[in-house]
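A short worksheet on the structure shown next.
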Amino acid sequence: MTARGDNTTRYDHRAVEKAWQQRWRETRQRRGLHPPSGRKKYILEMFPYPSGNIHMGHVRNYTLGDVLARFYRAQGFDVLHPMGWDAFGLPAENAAFEHKQHPRAWTHANIDAMRTQLQSMGLALDWQREIATCHPSYYKHEQGMFLDFLERGLAYRKEAWVNWDPSENSVLADEQVIDGKGWRSGAIVEKRKLEQWFLKITDYAPQLLEELSRMPQWPEKVKTMQRNWIGRSEGCLVDFRIQKNEETLPAEISPEISMDRLRVFSTRPDTLFGATFCAISPNHPLSEALAKSRPALKSYIEQANRKTQQQGDFDKSNKKGNKKSNKQGNKEDKEDKSGIDTSLRLLHPFDENLTLPLFVCDYVLMEYGTGAIFGCPAHDQRDLDFARQHGLTVKPVVLPEDAEEDSFAITETAWTGEGRMINSRFLDGLKIADAIVRATERLQEKSLGRKKTTWRLRDWGISRQRYWGCPIPVVHCSHCGIVPVARAELPITLPEEVSFDQPGNPLEHHEAWRSTPCPACGANAERDTNTFDTFVESSWYFLRFCDPRNDDRVVSDEAQEWLPVDQYIGGIEHAILHLLYARFFTRALKDCGHLKNLVEPFGGLFTQGMVCHATFRDEATGAYLFPDAVWQNKDKGKDKDKDKGKDKGNEKTHEAWTVKKTGAKVVRGRSEKMSKSKKNIVDPQQVILQYGADTARLFMLSDSPPERDLEWSFAGIEGAARFMQKLWRMAENRRAENKRAEDKKNASIPAKESTRTHPSHPEDRRPEDTKETQALFVAKRITPQALCRATHQAIRETTADIEQLRFNRAIAHMRKLANAIEACREESDLAEKQRTFAFDALLRLLHPFVPHITEEIWQRREETTLLSEERWPAFDATQAHEEEITMAVQVNGKLRATVCLPDNCAREQAEQVALSEDNVQRALAGGAIRQIVFVPNKIVNILVEKTREPDEPAQRST
RNA sequence: GCCCACUUGGCGGAAUAGGUAGACGCAAGGGACUUAAAAUCCCUCGGCGAGGAAUCGCCAUUCCGGUUCGAGUCCGGAAGUGGGCACCA
């Protein structure tokens, strides 16, 4: 397990990494499955989809988690750090279609490949807890949960719009709709209304929102995004009575209208006197009722439903492209507000003599509020746009503070700001907030309205018309309706032999699987052929890791002691859906008795940045190129440089990128997230092979803070590799030094051999070397005492940095310690002892980051333990304490000197020393001292009367 | 349109709580070692100016303004970049 032994040896990762990975795995394996015994940490990274290959995003994600897991392990925590596979999903079906391979076979092959790849990173994972969501032992519990949800009314069916590919006879996911066409068939996608399963996440909207304010370890950004997504708004329901007289309600439609009121939702009941029309959504029951006898309205509704579909696709397809043009295009659509007059008239709740026309408008959404609004053009931009296009009255009722009532008018922009009520009878003069209260009260008195909180969050549609997912455990019976499968029958597994030859959902075509006796009456019935959205699996997998082999329960009471996840790490792209669904599931499962007292699934959340790289395209064809297919000709002749003289520092490196093979010109694009389609990817396997896992890990963690985007660079990876070699050399020097010390003791013969491996170091030169180099060297050298201090400071800083996931800083502190060890060159027993102590600490600190090389060095010291089982180095505050402090001396706020003073020295002493500095005296220039600001250990700021420079003009009088 | 975040050398980034701006690294340049290369080691490295040098002065954290003895950090405004939501009443 060792690399070659002489002093010039270089560290060879190939020789050691595999063996250590094996060894660690065995050690962890021996611990088996167990609940936590004392202090615990559950470290979890978002589990991967088994696409077949890990990418740099995975490397970053899993390295971040691994450092924490190893760190807390060394701190004496019981650490849970599991890995599994988000194994259901569309790509497996695509592979089945394209390569005639069964989705299960494809998925399992990918899992095997990726497991090997992850293991080559040296991750300290609990592989004995590995789970795959496509395994029946996993989704059995999911089906059980669904039955619980069904019993508690948390799962229900309703009609919903889906993307329908008429040529494939199949439902498409949003991602499969490209420019309004099926991605495979190219057929224009239609919208269809299908019965679908929904989960009642909206029941939990208030809890999901409120708890966010008690989650200090989540990024503000994510909490804000979730708040906006949940979208709570307080307002008021208002009933408008429908006028029932011959003129406005013609006989042929009156039977259709059973209701006598239209209920609308508004956050601005204060503006009720500014209402000049009402509008309902095309999908409002009233619209649909009216459409039965009105062909024009019917075709408008159909058109509107098609339009929303195309609108959605348009947004999606443009998302990654030109954002500005998207905005532009969208804006035009928004300004174009169509609608159809129903000829119905509504009575104003505060004055029945006022009537309002009722329109059907496609800008009113059925899914929000009541699907109906009152339009107040003066104070809502959308209503104003609509009013202008349809010649409706605009009546201002809120007067801005700085406006005059006589001259105030609304033209093209609605006034949505603060102000006082006008034209509003009993509300006149009130501020908006007071007017809202007053108007709501009045509505309540008249039984025409009440306070109401509305949410933007919608229930979660979980039906997918696909094969490779978890089957929904219900049966459709023509006599009994929808009947849950008996629990003893779970899991309902997917049929093995399926065909992807014909379009549509394979489960739909599978007669044998589909037909089953009704659990209630025994008659012939049919299974639900839908499967769950794959977000369902990922909504509870973190629970299962605690107790992955439990067949009876999702997670036993005992194993629940692992929860919550203490630190969850993943990409920001899951800020809303996955994280919100998981929070919802935790609550729903608790209500169904699966969980004891878990409130939130993820105590701490960390969202890592993306791994980016420049893109390259062939200048002629525009085709994307892989980074290793191109190179840069740095065209810089030495002579040329000399000619340019001083300018050369500013000269930008002449960039000429060409295709390696052909020499064709290449355009280098800006750095973007690594993605297959742009080919700006670097394969982690290649990097690990060439440089080793430690180097890859170190590079991922150095320099860039984990939450920010990371720019992949060859130079960066080289830098990390150099540090590995430096560490190795230091270890070899320590070994040599210790060996000599040993020999000295045994033989008492003075060892003449130099400890230095690099004779070019000034220390190792003879006195005839230049004075300058010697002087410079002295300044860099530190004493053993200083090294001891530096070591403890490094322990303190690194520990704090890791706890806060500031790994880039942690690495900086460790590099600093490495530099300090090298700067302590004194040859004495004390120095040797300190160097050994410092290097030992450095190994322990570095181990979570670069586990292989540190473990190897540890073993070469003939230690009997594993470094990965060792404790974190102990920090001693008194040892880290600096006795001398450098304080800044300012004159009138400008730095003039720094002075060395004992720690915590008194004001008098500091002032005295500060004033004795030449530079300070020069700056004072004899002016009278007004005041001296003294902050212990920080600063002395001497404020002095400004003596005017002779040629400086006197203060001007005006 | 609404909401949020960010902006520090050639580059990635440091800078507890307002107290020496640029830690640590990358790139670049100079030098040592070497027959040479690689590797390694040493030095320089925000800008402008003065000086033989040690040093010293001025400017500098996107821009403008404020609070303060003192602002990268706090407050107000502007610009730019990135992200989220988007006809949500």
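Just so it is clear: chains get the letters A, B, ... in the order the sequence lines come, proteins before strands, and each one is counted from 1.
Closest contact between the side chain of A:A715 and the listed nucleotides B:A89, B:A27, B:U40 involves B:A27. Counting only heavy atoms from C-beta on, A:S266 has its side chain closest to B:A89 among B:A89, B:C24, B:U20. You'll find that the side chain of A:T224 is closest to B:C4, out of B:C4, B:C69, B:A21. For A:R815, taking side-chain heavy atoms from C-beta onward, the closest of the listed nucleotides B:A89, B:C85, B:G25 is B:G25. Among the nucleotides B:U20, B:C4, B:A89, the one closest to the side chain of A:I939 is B:U20. For A:V933, the side-chain atoms get nearest to B:C69 when compared with the rest of B:C69, B:A23, B:C41. Here the nucleotide nearest the side chain of A:R729, chosen from B:G19, B:U20, B:C41, is B:C41. The side chain of A:K221 lies closest to B:G83, out of B:C87, B:A89, B:G83. Picking from B:A27, B:G19, B:G12 the nucleotide with the shortest atom distance to the side chain of A:R722 gives B:A27. Comparing B:C3, B:C85, B:G25 by their nearest atom to the side chain of A:W229 picks out B:C85.
Distance noted for atom C1' between B:U55 and B:G66: 37 Å (whole Å). Between B:C41 and B:A27, the two P atoms lie 13 Å apart (nearest whole Å). Taking the C1' atom of each, B:C64 and B:G9 are spaced 24 Å apart, rounded to whole Å. Separation of the P atoms belonging to B:C48 and B:G10 is 10 Å when rounded to the nearest angstrom. When the C1' atom is used for both B:A71 and B:G18, the distance is 6 Å, rounded to whole Å. B:A21 and B:U35 have their C1' atoms separated by 47 Å, with the value rounded to a whole Å. The separation of B:G84 from B:U44, taken at their P atoms, amounts to 45 Å, rounded to a whole angstrom. B:A60 and B:G49 are spaced 15 Å apart, taking the C1' atom of each and rounding to whole Å.
Remark on RNA chain B: of its neighbouring residues A:N919 and A:S713, the 5'-side contact belongs to A:S713, judged by nearest-heavy-atom nucleotide. Along RNA chain B, the nucleotide nearest A:K938 and the nucleotide nearest A:T267 are compared for position; the residue whose nucleotide lies closer to the 5' end is A:K938.
For A:R896, a side-chain nitrogen or oxygen approaches OP1 or OP2 of B:C58 to under 4.0 Å. Checking the phosphate oxygens (OP1, OP2) of B:G57, no side-chain nitrogen or oxygen of A:R922 falls inside 4.0 Å.
Here the closest non-hydrogen pair linking A:A888 and A:L895 is CB-CD1, 3.6 Å. Between A:Q690 and A:H13, the shortest heavy-atom distance links the atoms O-NE2, 3.1 Å.
A:F359 and A:F277 have perpendicular rings, their planes meeting at more than 60° on a 0 to 90° scale where under 30° would count as parallel. Ring pair A:W712/A:F699 is perpendicular by interplanar angle, where above 60° counts as perpendicular and below 30° as parallel.
Glycosidic torsion of B:G83 falls outside 90° of 0, placing the base in anti.
Residues passing the side-chain contact (heavy atoms from CB on, under 4.5 Å) test with A:Q381 are A:L384, A:D385, A:T413, A:A414, sequence neighbours excluded.
Using a cutoff of 4.0 Å between basic side-chain nitrogens and carboxylate oxygens, A:E220 and A:K223 are scored as salt-bridged. Using a cutoff of 4.0 Å between basic side-chain nitrogens and carboxylate oxygens, A:E917 and A:R896 are not scored as salt-bridged.
Residue contacts shown for A:N941 include a base, since a base heavy atom lies under 4.0 Å away.
Taking atom CZ of A:F723 as the reference point, atom C1' of B:G12 lies 17 Å away to the nearest angstrom.
Paired runs in RNA chain B that reach 3 or more consecutive Watson-Crick or G-U pairs, where each pair keeps both distances under 3.5 Å, cover B:1-7 with B:79-85, B:10-12 with B:24-26, B:28-32 with B:40-44, B:46-50 with B:55-59, B:62-66 with B:74-78.
For the pair A:R815 and A:F723, the cation sits on the ring face: its NZ or CZ lies under 6.0 Å from the ring centre, inside 45° of the axis.
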